[in-house]
Amino acid sequence: YPSLPLPLSSSPCPAARRSQVSLAELPMLAKRSMPLCMSNMHSKLVETSHLKHNARNQLGLFLKGIGLTVEESMAFWRSEFTKKMPADKWQKEYAYGIRYNYGLEGKRTDWTPHSCMKVISTPGANASAGEHHGCPFKNFDETQMRATLQQMSVPTADVTYILEKVRGQHYQIACGKYFEAKHKGTTLIETELGGISHPNQYFEQSMKFYNPAGTPADAASGAGASSHKAASSVAVEQPAMPAVEDVPMTTMDDLLAMAS
(Lines give C-alpha, C1' and ligand atoms only; values in the text may rest on other atoms or scores of the structure.)
Protein backbone atom coordinates (compact mmCIF):
# COMPACT_ATOMS: atom_id res chain seq x y z
CA TYR A 1 0.00 0.00 0.00
CA PRO A 2 1.53 3.37 -0.95
CA SER A 3 2.15 5.92 1.80
CA LEU A 4 0.49 9.32 1.64
CA PRO A 5 2.89 12.30 1.30
CA LEU A 6 4.43 13.66 4.48
CA PRO A 7 4.01 17.44 4.25
CA LEU A 8 6.00 18.39 7.37
CA SER A 9 9.00 16.08 7.16
CA SER A 10 10.96 13.82 4.87
CA SER A 11 9.62 10.31 4.42
CA PRO A 12 10.99 8.16 7.26
CA CYS A 13 13.30 5.55 5.80
CA PRO A 14 15.06 3.26 8.25
CA ALA A 15 18.22 2.48 6.37
CA ALA A 16 20.48 4.48 8.67
CA ARG A 17 22.06 2.33 11.35
CA ARG A 18 23.51 4.99 13.71
CA SER A 19 21.10 4.78 16.62
CA GLN A 20 20.64 7.60 19.09
CA VAL A 21 17.65 6.01 20.82
CA SER A 22 18.89 4.03 23.76
CA LEU A 23 17.13 0.84 24.80
CA ALA A 24 16.71 2.30 28.28
CA GLU A 25 14.64 5.15 26.79
CA LEU A 26 12.13 2.95 24.99
CA PRO A 27 9.60 2.66 27.87
CA MET A 28 9.52 6.45 28.21
CA LEU A 29 9.38 7.01 24.45
CA ALA A 30 6.56 4.47 24.10
CA LYS A 31 4.36 6.59 26.35
CA ARG A 32 5.56 9.99 25.17
CA SER A 33 6.44 9.87 21.49
CA MET A 34 5.12 6.69 19.86
CA PRO A 35 1.78 6.69 18.05
CA LEU A 36 -0.99 4.75 19.73
CA CYS A 37 -0.55 1.71 17.48
CA MET A 38 3.10 1.25 18.45
CA SER A 39 2.68 2.16 22.11
CA ASN A 40 -0.16 -0.36 22.34
CA MET A 41 2.01 -3.14 20.89
CA HIS A 42 4.90 -2.16 23.12
CA SER A 43 2.72 -2.25 26.23
CA LYS A 44 1.32 -5.67 25.29
CA LEU A 45 4.84 -6.96 24.75
CA VAL A 46 5.92 -5.74 28.19
CA GLU A 47 2.72 -7.11 29.75
CA THR A 48 2.84 -10.59 28.19
CA SER A 49 6.49 -11.03 27.11
CA HIS A 50 5.22 -12.04 23.69
CA LEU A 51 3.78 -10.67 20.47
CA LYS A 52 2.48 -12.63 17.52
CA HIS A 53 3.96 -12.36 14.04
CA ASN A 54 2.11 -9.32 12.62
CA ALA A 55 2.66 -7.24 15.75
CA ARG A 56 6.32 -8.24 15.92
CA ASN A 57 6.70 -7.24 12.30
CA GLN A 58 5.00 -3.86 12.64
CA LEU A 59 6.68 -2.88 15.90
CA GLY A 60 10.05 -4.31 14.87
CA LEU A 61 10.21 -2.34 11.63
CA PHE A 62 9.06 0.79 13.44
CA LEU A 63 11.91 0.41 15.94
CA LYS A 64 14.30 -0.11 13.06
CA GLY A 65 12.97 3.13 11.57
CA ILE A 66 13.64 5.18 14.71
CA GLY A 67 17.25 4.07 14.61
CA LEU A 68 17.74 0.81 16.50
CA THR A 69 20.54 -1.28 15.03
CA VAL A 70 20.03 -4.99 14.44
CA GLU A 71 22.11 -5.71 17.54
CA GLU A 72 19.95 -3.40 19.65
CA SER A 73 16.76 -4.92 18.24
CA MET A 74 18.03 -8.41 19.02
CA ALA A 75 18.79 -7.34 22.59
CA PHE A 76 15.38 -5.69 22.99
CA TRP A 77 13.29 -8.63 21.76
CA ARG A 78 15.46 -11.19 23.53
CA SER A 79 15.14 -9.37 26.86
CA GLU A 80 11.32 -9.34 26.64
CA PHE A 81 10.70 -12.82 25.24
CA THR A 82 13.16 -14.63 27.51
CA LYS A 83 11.21 -13.53 30.57
CA LYS A 84 8.93 -16.47 29.74
CA MET A 85 10.97 -18.75 27.46
CA PRO A 86 14.50 -20.17 27.36
CA ALA A 87 17.09 -18.13 25.47
CA ASP A 88 17.88 -20.99 23.10
CA LYS A 89 14.21 -21.29 22.12
CA TRP A 90 14.08 -17.57 21.39
CA GLN A 91 17.27 -17.76 19.35
CA LYS A 92 15.98 -20.69 17.30
CA GLU A 93 12.47 -19.41 16.62
CA TYR A 94 12.64 -15.60 16.59
CA ALA A 95 16.15 -14.26 15.91
CA TYR A 96 15.87 -15.09 12.19
CA GLY A 97 12.86 -12.80 11.75
CA ILE A 98 14.68 -9.82 13.22
CA ARG A 99 17.68 -10.36 10.96
CA TYR A 100 15.28 -10.78 8.01
CA ASN A 101 13.76 -7.35 8.69
CA TYR A 102 17.24 -5.82 8.55
CA GLY A 103 18.01 -7.43 5.20
CA LEU A 104 20.43 -9.96 6.65
CA GLU A 105 18.47 -13.10 5.75
CA GLY A 106 16.20 -14.33 2.95
CA LYS A 107 15.96 -11.86 0.08
CA ARG A 108 18.35 -9.52 1.92
CA THR A 109 16.06 -6.60 1.20
CA ASP A 110 16.24 -3.45 3.32
CA TRP A 111 12.61 -3.40 4.47
CA THR A 112 11.05 -0.11 5.56
CA PRO A 113 8.51 0.44 8.37
CA HIS A 114 4.86 0.06 7.48
CA SER A 115 2.84 3.13 6.54
CA CYS A 116 -0.45 3.94 8.24
CA MET A 117 -2.34 2.54 5.26
CA LYS A 118 -0.47 -0.74 5.61
CA VAL A 119 -1.02 -0.88 9.38
CA ILE A 120 -4.72 -0.08 9.02
CA SER A 121 -5.22 -2.62 6.22
CA THR A 122 -3.44 -5.58 7.83
CA PRO A 123 -6.18 -8.11 8.65
CA GLY A 124 -6.62 -10.32 11.68
CA ALA A 125 -6.33 -7.89 14.59
CA ASN A 126 -8.10 -9.48 17.56
CA ALA A 127 -6.94 -8.60 21.06
CA SER A 128 -8.89 -11.47 22.64
CA ALA A 129 -6.88 -13.86 20.47
CA GLY A 130 -3.60 -12.13 21.29
CA GLU A 131 -3.38 -10.32 17.93
CA HIS A 132 -2.41 -6.78 18.92
CA HIS A 133 -1.22 -5.43 15.56
CA GLY A 134 -3.01 -2.82 13.52
CA CYS A 135 -4.53 0.60 14.16
CA PRO A 136 -6.30 1.03 17.53
CA PHE A 137 -8.48 3.79 16.08
CA LYS A 138 -9.90 1.15 13.74
CA ASN A 139 -9.75 -1.92 15.98
CA PHE A 140 -10.83 -0.69 19.42
CA ASP A 141 -14.53 -0.45 20.15
CA GLU A 142 -15.79 2.94 21.30
CA THR A 143 -15.80 2.06 24.99
CA GLN A 144 -12.20 0.85 24.87
CA MET A 145 -11.10 3.84 22.80
CA ARG A 146 -12.75 6.31 25.17
CA ALA A 147 -11.15 4.62 28.19
CA THR A 148 -7.75 4.58 26.49
CA LEU A 149 -7.91 8.27 25.61
CA GLN A 150 -9.03 9.20 29.11
CA GLN A 151 -6.19 7.14 30.56
CA MET A 152 -3.82 9.14 28.35
CA SER A 153 -5.27 12.38 29.80
CA VAL A 154 -6.70 13.48 26.46
CA PRO A 155 -9.05 16.44 27.07
CA THR A 156 -12.77 15.73 26.84
CA ALA A 157 -13.29 17.94 23.78
CA ASP A 158 -10.52 16.13 21.93
CA VAL A 159 -11.94 12.74 22.94
CA THR A 160 -15.27 13.78 21.43
CA TYR A 161 -13.57 14.93 18.20
CA ILE A 162 -11.48 11.75 17.92
CA LEU A 163 -14.47 9.48 18.46
CA GLU A 164 -16.42 11.41 15.82
CA LYS A 165 -13.63 10.85 13.30
CA VAL A 166 -13.36 7.18 14.26
CA ARG A 167 -17.09 6.69 13.64
CA GLY A 168 -16.54 8.17 10.18
CA GLN A 169 -13.58 5.82 9.62
CA HIS A 170 -11.17 8.76 9.44
CA TYR A 171 -8.57 6.95 11.49
CA GLN A 172 -5.53 8.96 10.41
CA ILE A 173 -7.25 12.26 11.20
CA ALA A 174 -8.13 10.85 14.61
CA CYS A 175 -4.44 10.02 15.07
CA GLY A 176 -3.49 13.56 14.12
CA LYS A 177 -5.82 14.98 16.76
CA TYR A 178 -4.42 12.46 19.26
CA PHE A 179 -0.95 13.84 18.50
CA GLU A 180 -2.15 17.40 19.10
CA ALA A 181 -3.76 16.38 22.39
CA LYS A 182 -0.55 14.70 23.54
CA HIS A 183 1.65 17.61 22.44
CA LYS A 184 0.03 20.70 23.93
CA GLY A 185 0.00 23.75 21.70
CA THR A 186 0.64 21.91 18.42
CA THR A 187 -1.48 22.11 15.30
CA LEU A 188 -0.59 19.64 12.55
CA ILE A 189 -1.33 20.42 8.94
CA GLU A 190 -1.74 16.62 8.61
CA THR A 191 -4.92 16.76 10.68
CA GLU A 192 -6.50 18.99 8.03
CA LEU A 193 -4.99 17.17 5.03
CA GLY A 194 -6.02 13.63 5.86
CA GLY A 195 -4.21 12.81 9.06
CA ILE A 196 -0.95 11.18 10.06
CA SER A 197 0.33 9.02 7.21
CA HIS A 198 3.16 7.08 8.84
CA PRO A 199 3.89 5.91 12.42
CA ASN A 200 7.51 7.01 12.08
CA GLN A 201 6.33 10.45 10.93
CA TYR A 202 4.36 10.73 14.19
CA PHE A 203 7.48 9.79 16.17
CA GLU A 204 9.68 12.22 14.25
CA GLN A 205 7.30 15.12 14.86
CA SER A 206 7.12 14.24 18.56
CA MET A 207 10.90 14.19 18.89
CA LYS A 208 11.06 17.61 17.22
CA PHE A 209 8.44 18.90 19.66
CA TYR A 210 10.46 17.79 22.68
CA ASN A 211 13.83 18.74 21.16
CA PRO A 212 13.16 21.86 19.08
CA ALA A 213 16.81 22.93 19.13
CA GLY A 214 17.93 19.73 17.40
CA THR A 215 19.71 18.19 20.37
CA PRO A 216 21.21 14.68 19.95
CA ALA A 217 18.00 13.12 21.25
CA ASP A 218 16.14 14.74 18.37
CA ALA A 219 18.22 12.71 15.92
CA ALA A 220 16.69 9.57 17.41
CA SER A 221 13.68 10.09 15.22
CA GLY A 222 15.60 8.83 12.22
CA ALA A 223 19.34 9.00 12.74
CA GLY A 224 19.70 11.73 10.12
CA ALA A 225 17.32 12.92 7.41
CA SER A 226 20.05 13.02 4.78
CA SER A 227 20.87 9.36 5.38
CA HIS A 228 17.19 8.53 5.02
CA LYS A 229 16.90 10.33 1.70
CA ALA A 230 20.04 8.71 0.34
CA ALA A 231 18.74 5.22 1.03
CA SER A 232 15.13 5.76 -0.03
CA SER A 233 15.79 4.41 -3.52
CA VAL A 234 16.71 0.95 -2.21
CA ALA A 235 14.46 0.53 0.81
CA VAL A 236 11.24 -1.40 0.21
CA GLU A 237 8.06 -1.63 2.24
CA GLN A 238 7.79 -5.17 3.42
CA PRO A 239 5.13 -7.62 2.28
CA ALA A 240 3.89 -10.11 4.80
CA MET A 241 6.66 -12.48 5.84
CA PRO A 242 5.53 -16.00 6.71
CA ALA A 243 4.92 -16.38 10.43
CA VAL A 244 7.33 -18.82 12.00
CA GLU A 245 5.68 -19.40 15.35
CA ASP A 246 5.34 -23.10 16.08
CA VAL A 247 6.98 -23.91 12.74
CA PRO A 248 10.13 -26.08 12.85
CA MET A 249 13.15 -24.17 11.65
CA THR A 250 13.83 -26.91 9.11
CA THR A 251 10.91 -25.56 7.08
CA MET A 252 12.13 -21.95 6.98
CA ASP A 253 13.73 -22.15 3.55
CA ASP A 254 10.59 -23.72 2.13
CA LEU A 255 8.43 -20.95 3.61
CA LEU A 256 10.67 -18.23 2.26
CA ALA A 257 10.70 -19.83 -1.17
CA MET A 258 6.90 -19.85 -1.16
CA ALA A 259 6.84 -16.16 -0.18
CA SER A 260 9.32 -15.06 -2.84
How far does [atom1] of [X] sit from [atom2] of [Y], to the nearest 0.5 angstrom?
X: H133; Y: Q58; atom1: NE2; atom2: CD; value: 6.0 Å
X: Y178; Y: Y202; atom1: OH; atom2: OH; value: 5.0 Å
X: L59; Y: F76; atom1: CG; atom2: CZ; value: 5.5 Å
X: L188; Y: T186; atom1: CG; atom2: OG1; value: 5.5 Å
X: E25; Y: S33; atom1: CD; atom2: OG; value: 9.5 Å
X: M74; Y: S79; atom1: CE; atom2: OG; value: 12.0 Å

**Asked** Residues two or more places apart in sequence or in another chain: which of them pass salt bridge (Lys or Arg N to Asp or Glu O under 4.0 Å) with R167?
**Response**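 R167 satisfies salt bridge (Lys or Arg N to Asp or Glu O under 4.0 Å) with E142 only.
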
**Request:** Using the test salt bridge (Lys or Arg N to Asp or Glu O under 4.0 Å), find all partners of K83 that sit at least two apart in sequence or belong to another chain.
**Result:**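 Once residues adjacent in sequence are excluded, the partners of K83 under the salt bridge (Lys or Arg N to Asp or Glu O under 4.0 Å) criterion are E80.
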
Do [X] and [Y] have side chains that get closer than 4.5 Å, going by heavy atoms?
X: L45; Y: H50; answer: no
X: P155; Y: K184; answer: yes
X: P199; Y: C116; answer: yes

**Item:** Step-by-step side-chain contact (heavy atoms from CB on, under 4.5 Å) determination, M145 to L36
**Value:** CA-CA 11 Å; M145 177 55 63; L36 189 56; 4.2 Å; yes

**Request:** Mind running side-chain contact (heavy atoms from CB on, under 4.5 Å) on I120 and Q172 for me, showing each step along the way?
**Result:** CA-CA 9 Å; I120 291 168; Q172 292 163 265; 3.9 Å; yes

**Asked** Should I66 and L23 be regarded as members of a common hydrophobic cluster, given that ILVMFWY residues are connected when their side-chain heavy atoms come within less than 4.5 Å of each other, either directly or indirectly?
**Response**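 Both belong to a single hydrophobic cluster.
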
**Prompt:** If you group Ile, Leu, Val, Met, Phe, Trp and Tyr by side-chain heavy-atom gaps below 4.5 Å, do V166 and M152 land in one group?
**Reply:**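 Cluster IDs for V166 and M152 match.
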
Looking only at atom types and distance, does a side-chain atom of [X] sit under 3.5 Å from a main-chain N or O of [Y], one as donor and one as acceptor?
X: R56; Y: L51; value: yes
X: K84; Y: F81; value: no
X: T109; Y: W111; value: no
X: K182; Y: K31; value: yes
X: N57; Y: H53; value: no
X: N200; Y: F62; value: yes
X: Q201; Y: S197; value: yes
X: H42; Y: M38; value: no
X: S115; Y: K118; value: yes
X: E93; Y: W90; value: no

What are the two closest heavy atoms between [X] and [Y], and how far apart are they?
X: A181; Y: D158; result: CB-OD2, 3.6 Å
X: A30; Y: S39; result: O-CB, 3.1 Å
X: A125; Y: N139; result: CB-ND2, 3.3 Å
X: A174; Y: F137; result: CB-CD2, 3.9 Å
X: K177; Y: Y161; result: CG-CD2, 3.4 Å
X: Y102; Y: S73; result: OH-OG, 2.6 Å

**Request:** Please work out whether the ring planes of F179 and H183 are parallel, tilted or perpendicular, with thresholds of 30° and 60°.
**Result:**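 F179 vs H183 ring planes: parallel.
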
**Request:** In sequence, state the C-alpha distance, the side-chain angles, and the governing distance for L26 and L68, and then conclude on side-chain contact (heavy atoms from CB on, under 4.5 Å).
**Result:** CA-CA 10 Å; L26 283 184; L68 290 194; 4.1 Å; yes

**Request:** Tell me, please, whether Y210 has R32 positioned over its six-membered ring: NZ or CZ under 6.0 Å from the ring centre and within 45 degrees of its axis?
**Result:**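 Yes, R32 and Y210 form such a contact.
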
**Prompt:** T69 and E72: side-chain donor and acceptor closer than 3.5 Å?
**Reply:**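 Indeed, the side chains of T69 and E72 share at least one donor-acceptor pair under 3.5 Å.
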
**Request:** Apply the test side-chain contact (heavy atoms from CB on, under 4.5 Å) to residues Y94 and M85: give CA-CA distance (whole Å), side-chain angles for both, the deciding distance (0.1 Å), then the verdict.
**Result:** CA-CA 11 Å; Y94 298 99; M85 72 170 57; 3.7 Å; yes

**Message:** Regarding K64 and D110, does a basic nitrogen lie under 4.0 Å from an acidic carboxylate oxygen?
**Reply:**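 Looking at K64 and D110, the cut-off is met.
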
